[in-house]
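Position 1 is the first residue of the sequence; numbering continues from there.
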Amino acid sequence: MKTPHILIVDDEPNIVMSLEFLMRKNGFQVGIARNGTEALAAIDQTAYDLILLDIMMPDVDGLQVCRQLRQQPDRAGTKVIFLSAKSREADVQQGYEVGADLYIPKPFSTRQLMEKVRELLGVAT
């Protein structure tokens, strides 16, 4: 089985660093995008298994990234987890409406996040 490939999309460097460390430590390949534009370019070039996606970013927001991803038939199997400070019910609902597989409000537990990532990817612990 190939190593799952995860794309981390966040404009906050500390979050990117900690998520990258966590995912690599758990044996995943990791790609990084620091904004929505970089994320869309990365998605065009690589078939990621899962995307950890922030919503509030300066250029293209996470909702638009998810929407565009869901319009690409060859990326239909890509899982999307929103990690967002926007935690109102309407925000969560909007995340699912654009095609998220999971919505986790910030701050989040890294242990819980790893459980969910493994669950979505079908990877045994």
Show every side chain to side chain donor-acceptor pair (under 3.5 Å) that has at least one partner inside residues 56-69, sequence neighbours left out.
Thr37-Asp59

If you count every heavy atom of other residues, nucleotides or ligands that lies below 6.0 Å from Arg34 atom CZ, does the total exceed 12?
no

Do you know which two heavy atoms are closest between Ile104 and Phe108, and how far apart they sit?
CG2-CB, 3.5 Å

What is the minimum heavy-atom distance between Pro4 and Val123, and which atoms define it?
CG-CG2, 4.0 Å

Rounded at 0.5 Å granularity, tell me how far NZ in Lys116 sits from CE in Met114.
13.0 Å

What's the spacing between Gln94 CD and Cys66 SG if we round to 0.5 Å?
11.0 Å

Leu69 meets the side-chain contact (heavy atoms from CB on, under 4.5 Å) criterion, sequence neighbours left out, with Ile43, Ile51, Arg75, Thr78, Val80

Listed by chain and number, what are the side-chain contact (heavy atoms from CB on, under 4.5 Å) partners of Lys79, not counting sequence neighbours?
Leu50, Asp101, Leu120

Stepwise side-chain contact (heavy atoms from CB on, under 4.5 Å) check, Leu7 with Leu52:
CA-CA 6 Å; Leu7 178 63; Leu52 295 173; over 6 Å; no

Chi angles and distances behind the side-chain contact (heavy atoms from CB on, under 4.5 Å) call for Tyr96, Leu102:
CA-CA 7 Å; Tyr96 284 116; Leu102 196 59; 3.9 Å; yes

Decide yes or no for Val117 and Ile81: does some side-chain heavy atom of the first lie under 4.5 Å from some side-chain heavy atom of the second?
yes

Min side-chain heavy-atom separation Leu83-Tyr103 under 4.5 Å:
no

For a side-chain contact (heavy atoms from CB on, under 4.5 Å) check, start with the C-alpha distance between Leu40 and Val60, then their side-chain angles and the critical distance, and finish with the verdict.
CA-CA 9 Å; Leu40 291 170; Val60 178; 4.1 Å; yes

With sequence neighbours left out, which residue pairs that include part of residues 41-51 fulfil the salt bridge (charged side-chain N to carboxylate O under 4.0 Å, His left out) condition?
Lys2-Asp49

Name each donor-acceptor pair under 3.5 Å that joins a side chain in residues 9-26 to protein atoms two or more places apart or in another chain, with its distance.
from  : atom 1 : to     : atom 2 : distance (Å)
Asp10 : OD1    : Glu12  : N      : 2.9
Asp10 : OD2    : Lys106 : NZ     : 3.0
Ser18 : OG     : Asn14  : O      : 3.1
Ser18 : OG     : Ile15  : O      : 3.1
Glu20 : OE2    : Arg24  : NE     : 3.0
Glu20 : OE2    : Arg24  : NH2    : 3.0
Asn26 : OD1    : Arg118 : NH2    : 2.5
Asn26 : ND2    : Leu22  : O      : 2.8

Would you please test Phe82 and Asp91 for side-chain contact (heavy atoms from CB on, under 4.5 Å) and show each step?
CA-CA 11 Å; Phe82 277 125; Asp91 297 320; over 6 Å; no

For residues 38-76, pull every pair meeting ring pair (Phe, Tyr, Trp, His ring centres under 6.0 Å), keeping only residues two or more places apart or in separate chains.
His5-Tyr48

